[in-house]
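Data first, discussion second: the structure below is written as structure tokens.
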Amino acid sequence: MTITSPTPQTSAKIDCEIADITLAPQGRKRIDWARAHMPIMRNIIERFEKQQPFKGLTIGICLHVEAKTGVWLEALTKGGAKVAITGSPGTTQDETVAAIVEDYGVHVYSQRSESFADHLRYCQKVLDHQPDIISDNGADLHELLFTLPQNQHLITRLLGATEETTTGANRLREDFNSDKFATLIINDTQAKRIIENRYGVGSSVVDGIMRATNVMLHGKKVVVIGYGYCGSGTAQRLRGMGAHVTVVEHNPLTRLEAHMEGFYTASLEDALPDADMVITITGRDNVLDKQHFELMADNMIIANAGHFQREINLPALAQLADSIDPIRPQVTGYHFNGKTLFVLSDANLVNLAAGDGNPIEIMDLGLALQSLSLERIALNAKSLTPTPQPVPYDIELDVAALACQYWINH
């Protein structure tokens, strides 16, 4: 699809693959609402528009495309960047996408209904724009960079990259030889880990589950698999809602931490049979597999809040099932052996697929970290070691100071 935008600043033809450009007015309202609650990003937008740190540069992005992301893209484009972006299956807001294309001239390849195969194709379309900088989510763009021959030339020309997630950081450090350019790991910052992951993800996962199911959490026996910052925040918010939470964690130190913070801990095999709900939040594949589904009781609710849909082995569950049917817009029932298991949001991220993602103010801080990290790469890439690394500490302090200014001293 090629769109010709009616706005003067983006009158050139815009290559994109989106659901419906006529949804732009609704998306514009979403972005306006988010911007009104993002004072840190408004400050950055004003400065970027004056200083033009990205003038002449193309930024390729893989990140969930929703209203807060729209405010971030406003900052990058007003800062002089040409931008191409894709999202993730099941989490894209089609209204927001349409507004981003119309108002900012961004090349968007993302639809809420996209499959994982579509997602990989869209990631390649982003790289086809020959970006100078990439901003990644789960190392999906990095993977295509390092594994496909047609992208090898980009490795030597990239100024640098950012990576949003723990999942992506693990992949960069464990799976790829990513020592050709600097990748700033947003999730390595204390601000991101504590503020966004613990408080933001914790709140939004509970919100997504409540929206999807309309069930009461008080008194529910809930298993949380993974006790990193996202898992701990989710466990804490569930406990705050009156749920009885058991943590499953393979790292003995982290399991001890969960125990010391007052949670039950157990092996997955011991925790599942008596549970009402299970949430995966690890960033690993097939955390819930065939043998685990067989252990679950009737009416178990299954949700994923980790990075990839494949944390839950849906093909294995589908093979077990005698029948599969939609129950509610975000709930699918799998019937087998005289019981029904309910999967939320087709195992996509429940906080984004069934909800609106992390609270706006939380993402104001997180996207400010992204913005200033990209600015550092654009203006001073040679100062960075060509390896995955934390965001420079001065950037984290600057963002924290802005958060204090607007959240505490306001």
Side-chain angles (χ1 to χ4, degrees), residues 3-16 18 21 24-25 27-87 93 95-110 126 129-135 159-162 164 184 186 360-361 363-381 391 395 398-399 402-403 405-406:
I3 301 296
T4 301
S5 170
T7 56
Q9 69 269 31
T10 58
S11 58
K13 289 185 177 180
I14 305 161
D15 182 62
C16 59
I18 66 174
I21 193 64
R28 197 168 292 120
K29 290 177 181 179
R30 279 180 175 267
I31 295 172
D32 287 346
W33 172 258
R35 189 191 301 105
H37 296 85
M38 297 176 76
I40 303 173
M41 284 305 303
R42 291 201 307 271
N43 177 295
I44 290 172
I45 288 169
E46 183 178 352
R47 181 170 67 79
F48 278 8
E49 192 166 19
K50 292 176 182 176
Q51 297 178 358
Q52 296 287 291
F54 307 112
K55 187 175 182 179
L57 298 177
T58 297
I59 301 176
I61 300 172
C62 175
L63 195 66
H64 305 288
V65 189
E66 43 94 22
K68 285 92 73 178
T69 310
V71 178
W72 178 49
L73 296 177
E74 179 184 358
L76 300 183
T77 54
K78 286 186 174 178
K82 171 189 170 185
V83 177
I85 186 172
T86 189
Q93 293 175 353
E95 308 95 322
T96 299
V97 160
I100 289 167
V101 171
E102 256 197 14
D103 294 354
Y104 309 132
V106 171
H107 302 276
V108 183
Y109 307 98
S110 195
V126 168
H129 284 270
Q130 309 296 302
D132 302 288
I133 304 170
I134 61 173
S135 181
L159 295 174
T162 62
E164 177 76 6
L184 302 183
I186 307 299
I360 296 171
E361 294 87 350
M363 290 308 299
D364 191 21
L365 181 146
L367 292 170
L369 286 168
Q370 276 280 7
S371 300
L372 299 190
S373 295
L374 292 170
E375 181 186 34
R376 179 65 54 86
I377 294 167
L379 299 180
N380 205 5
V391 171
I395 290 177
D398 286 346
V399 172
L402 285 169
Q405 176 184 336
Y406 291 113

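Of the inter-residue distances, the one linking I377 atom CD1 with L159 atom CG reads 8.0 Å to the nearest 0.5 angstrom. Interatomic distance, CD1 of I40 versus CD of Q405, reported as 9.0 Å (0.5 Å rounding). Once rounded to the nearest 0.5 Å, the distance linking OG of S135 with CG of L184 reads 10.0 Å. Expressed to the nearest 0.5 Å, how far CD1 of I14 lies from CD1 of I21 amounts to 7.5 Å. Here the OG1 atom belonging to T162 is positioned 4.5 Å from the CG atom belonging to L374, to the nearest 0.5 angstrom.
Electrostatic pairing of R42 and E46 does not count as a salt bridge here, judged by no charged N lying under 4.0 Å from a carboxylate O. Taking the charged nitrogens against the carboxylate oxygens, K29 and D32 have no contact shorter than 4.0 Å, which rules out a salt bridge.
Qualifying ring-ring contact (aromatic ring centres under 6.0 Å, His included) partners for H107, counting only residues two or more places apart in sequence or in other chains: H129. T77 pairs by the side-chain hydrogen bond (donor to acceptor under 3.5 Å, both in side chains) definition with nothing, not counting sequence neighbours. For K82, the salt bridge (Lys or Arg N to Asp or Glu O under 4.0 Å) test picks out no residue, with sequence neighbours left out.
A donor-acceptor pair shorter than 3.5 Å can be found between the side chains of N43 and Y406.
Judged purely by atom type and a 3.5 angstrom limit, D132 has no side-chain atom pairing as donor or acceptor with the backbone of L57.
Side-chain contact between I31 and I100: present, with at least one pair of heavy atoms (C-beta onward) separated by less than 4.5 Å.
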### Query
Between Y104 and E74, does a side chain to side chain contact (heavy atoms under 4.5 Å, CB included) hold up when you go through it step by step?
CA-CA 7 Å; Y104 309 132; E74 179 184 358; 3.4 Å; yes

